[in-house]
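A short worksheet on the structure shown next.
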Amino acid sequence: QVQLVESGGGLVQPGGSLRLSCAASGSILSIRSMGWYRQSPGKQRELVAGVRSGGSTNYADSVKGRFTISRDNAKNTVYLQMNSLKPEDTAVYYCNAEIYIASGPPGFYAYWGQGTQVTVSS
């Protein structure tokens, strides 16, 4: 009943910018946290940025100062503004959310988006 739909990936030159969006929909009671992960071939999926229900954020050291995560609670949407992109940022980016649902049994569950490819290359 809950799904996350991502958009905004693509090909960009080094130093360029992209803005990823992830919208959650379905039988959502509340969202405790939302975040972005990425995975490139041969590497483990890693947390890029996260935002909690209280508004606190955290970032991977490799993206601090370049990426900004934000959240629109009214739209159940999280964004990742990526500036000064580097080739090392190339990966599939996945949206994640901890969502409280009323059944199934009720509780917080982790949901994942389908992934969106970000390629940084000249």
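Here, residue 1 is the first one in the sequence, and each next residue gets the next number.
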message = For Y37 and Y94, I'd like to know if the aromatic rings sit close, meaning centre-to-centre distance below 6.0 Å.
response = no
Pairwise side-chain contact, P106 with Y100, heavy-atom cut-off 4.5 Å (strictly under) = yes
key: Check against side-chain contact (heavy atoms from CB on, under 4.5 Å), W36 and C95   = CA-CA 5 Å; W36 291 94; C95 177; 3.9 Å; yes
query = Does a side-chain heavy-atom distance below 4.5 Å link L18 with Y93?
reply = no
task = Take V48 and M82, measure what side-chain contact (heavy atoms from CB on, under 4.5 Å) needs, and give me the verdict at the end.
result = CA-CA 11 Å; V48 177; M82 304 185 293; over 6 Å; no
task = Ignoring hydrogens and angles, state whether a donor on the side chain of T119 or Q117 is under 3.5 Å from an acceptor on the partner side chain.
result = yes
note = Looking only at heavy atoms, the pair that brings N83 and S17 closest together is OD1-OG, 2.8 Å
Heavy-atom side-chain contact between R38 and V63 under 4.5 Å = yes
inquiry  = Please tell me whether V92 and Y111 are part of a single hydrophobic cluster in this structure, the criterion being side-chain heavy atoms less than 4.5 Å apart.
reply    = no
ask   = Within a strict 4.5 Å, meaning less than it, do heavy atoms of the V78 and I69 side chains meet?
value = yes
ask   = At their closest point, which heavy atom of S53 faces which heavy atom of I31, and how far apart are they?
value = CB-O, 4.0 Å
query = Is there side-chain contact between T77 and R71, with at least one heavy-atom pair below 4.5 Å?
reply = no
ask   = Would one find more than 12 heavy atoms of other residues, nucleotides or ligands at under 6.0 Å from atom CD of Q1?
value = no
remark   = Looking only at heavy atoms, the pair that brings L4 and A24 closest together is CD2-CB, 3.2 Å
query = Side chains of W112 and Q3: closer than 4.5 Å at any heavy-atom pair?
reply = no
inquiry  = Quick check: closest heavy atoms across P14 and S122, and the distance to 0.1 Å?
reply    = CD-N, 3.7 Å
ask   = Can you tell me if R19 uses its side chain to pair, donor with acceptor, with the backbone of Q81 under 3.5 Å?
value = no
remark   = Minimal heavy-atom distance between S84 and D89, with the atoms involved, is O-OD2, 4.5 Å
inquiry  = Please give me the minimum heavy-atom distance between T90 and S40, naming the atom from each residue.
reply    = O-CB, 3.7 Å
task = Any chance you could lay out the side-chain contact (heavy atoms from CB on, under 4.5 Å) test for I99 and F108, step after step, and finish with the verdict?
result = CA-CA 5 Å; I99 299 174; F108 282 99; 5.8 Å; no
query = Are any non-hydrogen side-chain atoms of S121 and L11 less than 4.5 angstrom apart?
reply = yes
message = With a 3.5 Å distance limit and no angle check, can you tell me whether Q114 reaches the backbone of E6 through a side-chain donor-acceptor pair?
response = yes
task = Nearest 0.5 Å please: distance from the OG atom of S70 over to the CG atom of D72.
result = 8.0 Å
S33 side, atom OG; R52 side, atom CZ - distance, nearest 0.5 Å = 7.5 Å
task = For the pair D61 and K64, find out whether any cationic side-chain nitrogen is under 4.0 Å from an anionic carboxylate oxygen.
result = yes
key: Y59 side-chain N/O to L47 backbone N/O, donor-acceptor pair under 3.5 Å   = no
key: Value rounded to 0.5 Å, distance of CD in E98 from CZ in R32   = 4.5 Å
request  = Determine, stepwise, if the pair M34 / Y79 fulfils side-chain contact (heavy atoms from CB on, under 4.5 Å).
outcome  = CA-CA 9 Å; M34 301 187 81; Y79 306 92; over 6 Å; no
query = Side-chain contact, heavy-atom cut-off 4.5 Å: T116 with L20?
reply = yes
Flag if over 12 foreign heavy atoms under 6.0 Å of CD, Q13 = no
